[in-house]
Amino acid sequence: MKESKKELRMLPMKELRIAESEGGGSIIEGHAAVFDSWSETLGGIFPFKEIVRKGAFNESIGKDDIRALFNHDPNYVLGRNRAGTLELVEDEIGLRVRITPPETSWAKDIQTSIKRGDITQMSIGFIVEEDKWSTQDGMDVREIRKVQLFDVSPVTFPAYTATDVGVRAMQEYDGYKAEQRSQAKEAERAAESAAKKAKEQARLKNLQTKFKTI
């Protein structure tokens, strides 16, 4: 059984902004992922793309203990769903995030950077529990259908294939390609077996015809 490993990815997102809460405080909100929108091309010399399907986050949102971090750093916790300081919901656009940050100097600095437009992206930490690989227009593509979500993070730089996470993603991709090659070889063996069987049946039929004419 393949071991699942945590991935960090900046999936297509809608926006990241600061809004005012009903109590007068600040809220960090946006969509950490957008459904049915292709990621940038991943994989380097073996390119592939990813897309997230609606429903991928629903189960995890309902049962898992999820944090909002800054740059995926557990030393900088902006919110937590079980504490009521992180709201996660799937809407028609994607994974909507609302974070109520703490009244700390570093959290206020992050909000200032978001307001200035210095930080505009989010990344999510997750394990893929259900996906589907296929090929479209000559490129391999991965549909993400179900994940276990660990954190959502405003990030300075998104995590892509140059990181150790990218290496793990490539390992999954290599596994997919190996499975494709195995299936192709199996189909080739089956075709050879069928051809051999058909040839043998034709030979037997030819012998039966000869005996009938004697």
Side-chain angles (χ1 to χ4, degrees), residues 1-14 31-64 90-95 123-151 158-214:
M1 183 177 178
K2 182 179 71 175
E3 179 185 359
S4 295
K5 295 183 179 180
K6 182 179 177 182
E7 299 183 28
L8 308 177
R9 196 84 84 248
M10 203 292 287
L11 298 165
M13 55 165 286
K14 192 73 174 176
H31 285 83
V34 175
F35 297 134
D36 304 325
S37 181
W38 290 107
S39 70
E40 293 183 14
T41 300
L42 309 172
I45 60 174
F46 300 106
F48 66 96
K49 289 187 176 184
E50 291 181 334
I51 195 168
V52 183
R53 296 305 188 191
K54 186 174 176 59
F57 303 102
N58 267 338
E59 185 173 325
S60 186
I61 289 172
K63 70 175 185 179
D64 292 321
E90 282 198 9
D91 60 18
E92 292 304 310
I93 297 172
L95 177 62
S123 177
I124 64 176
F126 61 96
I127 287 176
V128 176
E129 295 186 328
E130 183 181 333
D131 61 2
K132 180 184 178 182
W133 287 93
S134 60
T135 302
Q136 293 185 16
D137 299 324
M139 177 173 285
D140 293 310
V141 298
R142 181 196 201 190
E143 291 185 36
I144 299 177
R145 297 181 172 184
K146 181 182 176 183
V147 306
Q148 179 183 0
L149 189 62
F150 292 95
D151 72 271
Y160 272 121
T161 52
T163 66
D164 59 342
V165 175
V167 172
R168 290 199 291 269
M170 282 305 302
Q171 288 173 345
E172 289 193 13
Y173 177 69
D174 289 342
Y176 159 67
K177 297 303 288 183
E179 184 179 352
Q180 273 196 326
R181 289 191 293 270
S182 176
Q183 290 174 350
K185 286 181 179 179
E186 185 63 31
E188 185 179 349
R189 284 194 294 267
E192 288 176 354
S193 177
K196 185 177 180 181
K197 185 176 180 181
K199 187 176 180 181
E200 183 64 21
Q201 287 176 341
R203 189 182 70 83
L204 290 174
K205 186 175 181 180
N206 186 46
L207 286 173
Q208 289 172 352
T209 302
K210 285 183 179 180
F211 279 123
K212 285 180 181 180
T213 57
I214 294 174

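No hydrogens, no waters, no symmetry mates; every other heavy atom, side chains included, goes into these values.
The shortest side-chain heavy-atom distance between Trp38 and Met139 does not fall under the 4.5 Å cut-off. Counting heavy atoms from C-beta outward, Asp36 and Arg53 have side chains that approach closer than 4.5 Å. At least one side-chain heavy atom of His31 sits under 4.5 Å from a side-chain heavy atom of Asp91.
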Step-by-step side-chain contact (heavy atoms from CB on, under 4.5 Å) determination, Leu149 to Asp64: CA-CA 7 Å; Leu149 189 62; Asp64 292 321; 5.6 Å; no

Full working for salt bridge (Lys or Arg N to Asp or Glu O under 4.0 Å) between Lys185 and Glu188: CA-CA 5 Å; Lys185 286 181 179 179; Glu188 185 179 349; over 6 Å; no

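A distance of 9.5 Å separates CD of Glu59 from CD of Gln148, quoted to the nearest 0.5 Å.
Between Phe126 and Phe150 the shortest heavy-atom distance is CA-CD1, 3.8 Å. Nearest heavy-atom pair across Ser60 and Val147 is CB-O, 3.4 Å. Considering every non-hydrogen atom in both Ala33 and Phe57, the closest pair reads CB-CZ, 4.0 Å. In terms of heavy atoms, Phe35 sits closest to Leu95 at CZ-N, 4.3 Å.
Checked by atom type and distance alone, the side chain of Glu90 never pairs as donor or acceptor with a backbone atom of Lys54 at under 3.5 Å.
Tested against Val141 for a side-chain contact (heavy atoms from CB on, under 4.5 Å), the candidates Gln136, Glu50, Lys132 yield a single pass: Gln136.
Counting non-hydrogen atoms of other residues, nucleotides and ligands closer than 6.0 Å to CD of Glu200 gives a total above 12.
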